[in-house]
Amino acid sequence: MMSSVVPEPLTPSQIKLVLELLELRQLAPQQTAAKFNRLTQVGTFSEAQQGAIEILFALEEDDIPDALFEFADDDARNIVRDGLAHEVRLTFVRA
């Protein structure tokens with residue numbers, strides 16, 4: 001038997017929530033944790049997906065885009081691309 005469970009890919013609606021959480025964590029880490037906990041309590045993410053998202057939050061900023069593409073299903077990858085372009089613009093403006 002496998003010792004770890006591979007999470008199901010995140011759907012477009014789940015990816016949108018993860019992108020919101022990633023953006024919010026920069027400004028309000030405690031509120032981000034609270035929102036993530038609420039989402040997990042209502043079953044928005046499977047247990048394996050929750051673990052993957054927690055790992056995602058621990059990654060360096062440069063590693064997040066590749067990880068998001070790995071976690072996203074085919075339909076959600078366009079949302080990741082659009083969301084990451086938005087994040088790049090925000091980073092550029094602040095620099």
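FYI, the numbering just counts along the sequence from 1. Heavy-atom basis, side chains included; hydrogens, waters and symmetry copies ignored.
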Arg25 and Glu54 ion-paired at < 4.0 Å: no
Suppose the criterion is ring-ring contact (aromatic ring centres under 6.0 Å, His included): which pairs have a residue in residues 10-58, not counting sequence neighbours? Phe36-Phe57
Are any non-hydrogen side-chain atoms of Ile53 and Thr40 less than 4.5 angstrom apart? no
Under the rule for side-chain contact (heavy atoms from CB on, under 4.5 Å), what residues qualify as partners of Ser13, not counting sequence neighbours? Thr11
Would Leu10 and Leu17 satisfy side-chain contact (heavy atoms from CB on, under 4.5 Å), going step by step from the backbone distance to the final call? CA-CA 10 Å; Leu10 297 172; Leu17 290 169; over 6 Å; no
Ala34: which residues meet the side-chain contact (heavy atoms from CB on, under 4.5 Å) condition with it, sequence neighbours left out? Arg38
Contacts table for residues 69-76: side-chain donor-acceptor under 3.5 angstrom, sequence neighbours left out:
residue: Asp73; atom: OD1; partner: Asp75; partner atom: N; Å: 3.1
residue: Asp73; atom: OD1; partner: Ala76; partner atom: N; Å: 2.8
residue: Asp74; atom: OD1; partner: Arg77; partner atom: NH1; Å: 2.6

Are Ile64 and Leu24 linked, directly or through intermediate hydrophobic residues, by side-chain heavy-atom contacts shorter than 4.5 Å (ILVMFWY only)? no
Among residues at least two apart in sequence or on other chains, which ones pass side-chain contact (heavy atoms from CB on, under 4.5 Å) with Ile55? none
Listed by chain and number, what are the salt bridge (Lys or Arg N to Asp or Glu O under 4.0 Å) partners of Glu20, not counting sequence neighbours? Lys35
Which ring-ring contact (aromatic ring centres under 6.0 Å, His included) pairs, counting each pair once, include a residue from residues 7-34, with sequence neighbours left out? none
Close side-chain approach of Asp63 to Leu56, heavy-atom, < 4.5 Å: no
Hey, are Gln49 and Gln14 close enough side-chain-wise for a donor-acceptor pair under 3.5 Å? yes
Are Leu21 and Leu39 close enough, and set up right, to give a side-chain contact (heavy atoms from CB on, under 4.5 Å), and what steps lead you there? CA-CA 11 Å; Leu21 291 169; Leu39 290 169; 4.1 Å; yes
Distance in Å, Leu19 CG paired with Leu68 CG, rounded so as to fall on 0.5 Å steps: 6.0 Å
Ile15 versus Ile79, closest heavy-atom pair with distance: CG2-CG2, 3.7 Å
